[in-house]
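One structure below.
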Amino acid sequence: MTHPILRTELCDLLDIEYPIVLAGMAEHAGIELTAAVSEAGGLGVLGALPMTPDELDEAIREIKKRTSKPFGVDTIAPLGLVEGEEDTPIDLKSFLAEDEGEFAETRDYIADLGRRMGIKVPGGIKLGMNNQGFNWSPGMTKKQLEVIYEHKVPVFAAGLGSPEFMIPEARKRGMKVMGVVGTAKQARKEASVGVDIVIAQGTEAGGHTGKVATLPLVPQVVDAISPTPVLAAGGIVDGRGLVAALALGAAGVWCGTAFLATPEAMSHAENKRQLVSAGESDTVITKTMTGKTARCIKNPLQAQYEKENGPLLPFPVQVLAASELIQYMSEEDDTLKHYWTFAGQGCGLVKELRPARDVLKSMVEEATRILEEGLPSRVKWNR
Ligand SMILES: Cc1cc2nc3c(=O)[nH]c(=O)nc-3n(C[C@H](O)[C@H](O)[C@H](O)COP(=O)(O)O)c2cc1C
């Protein structure tokens, strides 16, 4: 017997086969993973945050060579770093201009902690205004967006910050815009300004995350903004998670951790090893990497930082203070056990590396089995 194809309204909206979207993951979801997920019938989304506009242009060209199917690009909307938005009331330039004060104190603390943990960055940790600093600036994001417009990328996802300002330009080019939220209040705001699809991300998620769990968050977001389609995110790694998300009213799922354990992910082999061996209690939410709450696999550097109550800067200045160490560690294999490997609580369900196509197909097949046979056979009706 052939199975019907599991589709939702999301598939029609985005012109994809299955309601499964690869979450944007900077430095992990690159050309290969994006193209593989789109080719397999989901929507691949490129994690573009650290890319210069030229790198982004090149990456989009490469994806188009590998797949003719729709795909997306994820970065942050220009945060109000100089415009004074509520959650980032900082002037990035003034922080970075000086080699003294809070910034220097935190950078020097991180350098010292790194040394004490046996991680020696040759030449010491310097002021963090390197390429990363440029990447977090509003000017940089605006240049990335110009590239995205030029290519008429089918979908843009804003991982942080509201994409409201870009909706008119996106519409002109037939692009769809998605925004990540962690509360129903944020979802209402996004829907009211015309965001096409809202991603409701629960605290279980890897990377930057909020406080509300996926199970209560998704239906509250659905109720708040219906008929705007909602993607459920956070802790969804298999067919059971997909069915649960659909039951909560989501039109599809936005999955990060599930696709990290694939050969196509750009993550370091050590990050992948940590991911497949981690259990559900092995992650922690910490501000020590970026200054904003982010979920990663527990590691000695983060644990010591928190034990010592080390100085912290607001997002995203913290990541600049730590950027030399981050960069060094990501290039030096033997330091990676100390590293902040972003991963969600669903990592306990990820046991092996599998090609992205297999991850997606098994998610669809398991969900289909549950919907067609599993649930009908387990639910007993007392009529
Ligand atoms: C390694 C990693 C990197 C991430 N980087 C980004 C990013 O650059 N932009 C973004 O919008 N979200 C980022 N996230 C969050 C994901 O987009 C997504 O919301 C999250 O992975 C969903 O939860 P899950 O990991 O339980 O599937 C990242 C998550 C991980 C695990």
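Atoms within each ligand, like the ligands themselves, are counted from 1 in listed order. Keep in mind that what you see is a predicted model, and the values were worked out from it rather than measured.
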Asp54 side, atom CG; Lys143 side, atom NZ - distance, nearest 0.5 Å: 10.5 Å

His28, any N or O under 3.5 Å of ligand 1 N or O: no

Close N or O approach (Gly206, ligand 1; < 3.5 Å): yes

Closest approach of Ala367 to Leu6 (non-hydrogen atoms, all atoms of both residues): CB-CD1, 3.7 Å

Under-4.0 Å heavy-atom contact with ligand 1, by part of Met25 that carries it: both

Shortest protein contact, atom 18 (C) of ligand 1 (heavy atom only): Trp254 NE1, 3.4 Å

Side chain, backbone, both or neither: Thr257 near ligand 1, heavy atoms under 4.0 Å: both

Geometric N/O contact Gly235 with ligand 1, under 3.5 angstrom: yes

Under 3.5 Å: N/O of Gly24 near N/O of ligand 1: yes

Closest heavy-atom pair and its distance - Ala265, Leu260: CB-O, 3.3 Å

Contacts of type salt bridge (charged side-chain N to carboxylate O under 4.0 Å, His left out), residue Glu365, not counting sequence neighbours: none

Nearest-contact summary for atom 1 (C) of ligand 1 - protein heavy atom, Å: Phe342 CB, 3.4 Å

Candidate list His268, Arg273, Lys272, test side-chain hydrogen bond (donor to acceptor under 3.5 Å, both in side chains), partner Glu270, passing option: Arg273

From the candidates Gly161, Ala205, Ser267, Ala265, the one that places a heavy atom nearest atom 22 (C) of ligand 1: Ala205

Residue that, paired with Thr286, satisfies side-chain hydrogen bond (donor to acceptor under 3.5 Å, both in side chains) out of Lys292, Arg295, Lys298, Glu306: Glu306

Check: Val180 N/O within less than 3.5 Å of ligand 1 N/O: no

Phe103 and Leu320, any side-chain heavy atoms less than 4.5 Å apart: yes

